[in-house]
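Inspection log for the structure reproduced underneath, given as structure tokens.
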Amino acid sequence: MATSTLPIAATASADAVACCAPLARQPLSAEAATTLSRTMKALADPARLRLLSLVAAHEGGEACVCDLIEPLGLSQPTVSHHLKVLVDAGLLTREKRGVWAYYTLVPEAMNAIAAVLTAPSGHTTGTPAC
């Protein structure tokens, strides 16, 4: 399973994130911006956003690819392609069981994206509050 490294640690403490989001603290490096843009590109597709939602909302927090085809209304190869993109971006994990693949959301990856893009509360000027 290939995963990309997000611009901030996926395990950043809530206190650190609450104080200052990375974008409000300092500009992203070129490498971090490239990595974040790859992840955002994986999210920038309606079918992939629906897949993330379907997997997250599925009983037990995991879904078989066979359960995702009908709700999306796309062919199995197309759904599998979108799932592969999400796995490669580090947003889902994949586990093969027999002939089927099961997918699970990676909450740390979603939290890391949110942390990068979230401005600290009360942050209304160009000067960070931290």
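One is the number of the first residue; the rest follow in order along the sequence. What's counted below: heavy atoms across the whole structure, side chains too, no hydrogens, waters or symmetry copies.
With hydrogens and angles left out, the side-chain atoms of Thr34 and Ser37 include no donor and acceptor closer than 3.5 Å.
His81 is listed as a side-chain neighbour of Arg48, based on a closest heavy-atom distance under 4.5 Å. The closest side-chain heavy-atom distance from Ile113 to Leu91 is below 4.5 Å. Side-chain contact check for Arg94 versus Val65: every heavy-atom pair is 4.5 Å or farther apart. Between Leu92 and Thr104, every side-chain heavy-atom pair lies at or beyond the 4.5 Å cut-off.
Atoms CG and NE2, from Leu51 and His82 in turn, are 7.0 Å apart once rounded to the nearest 0.5 Å. The distance from the SG atom of Cys64 to the CD atom of Glu95 is 11.0 Å, given to the nearest 0.5 Å. Within the model, atoms OG of Ser80 and CD1 of Ile69 stand 6.5 Å from one another, a figure rounded to the nearest 0.5 Å. The CG atom of Leu49 lies 11.0 Å from the CG atom of Leu54; values are rounded to the nearest 0.5 Å.
Of the residues listed (Val106, Leu43, Leu83), the one engaging Leu52 in a side-chain contact (heavy atoms from CB on, under 4.5 Å) is Leu43, and it is the only one.
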Query raised in the report: Going through the distances and angles, do Thr93 and Tyr103 end up as a side chain to side chain contact (heavy atoms under 4.5 Å, CB included)?
Result: CA-CA 6 Å; Thr93 60; Tyr103 295 86; over 6 Å; no

Requested in this report: Apply side chain to side chain donor-acceptor pair (under 3.5 Å) to Glu31 and Thr35, showing your working.
Outcome: CA-CA 6 Å; Glu31 180 181 346; Thr35 301; 5.3 Å; no

Query raised in the report: Could you walk me through whether Glu62 and Arg97 pass the salt bridge (Lys or Arg N to Asp or Glu O under 4.0 Å) check?
Result: CA-CA 13 Å; Glu62 71 174 6; Arg97 296 184 202 155; 2.8 Å; yes

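One hydrophobic cluster holds both Met40 and Met110 under the rule that ILVMFWY side chains link at heavy-atom gaps under 4.5 Å.
Listed by first and then second residue, the salt bridge (charged side-chain N to carboxylate O under 4.0 Å, His left out) pairs that reach into residues 65-83 come to none, sequence neighbours excluded.
With Thr78 contributing its side chain and Leu74 its backbone, the two residues share no donor-acceptor pair below 3.5 Å.
In this structure, the salt bridge (charged side-chain N to carboxylate O under 4.0 Å, His left out) partners of Lys84, at least two apart in sequence or on a different chain, are Asp88.
Contact between Ala42 and Leu86 at its shortest, heavy atoms only, is O-CD2, 3.9 Å.
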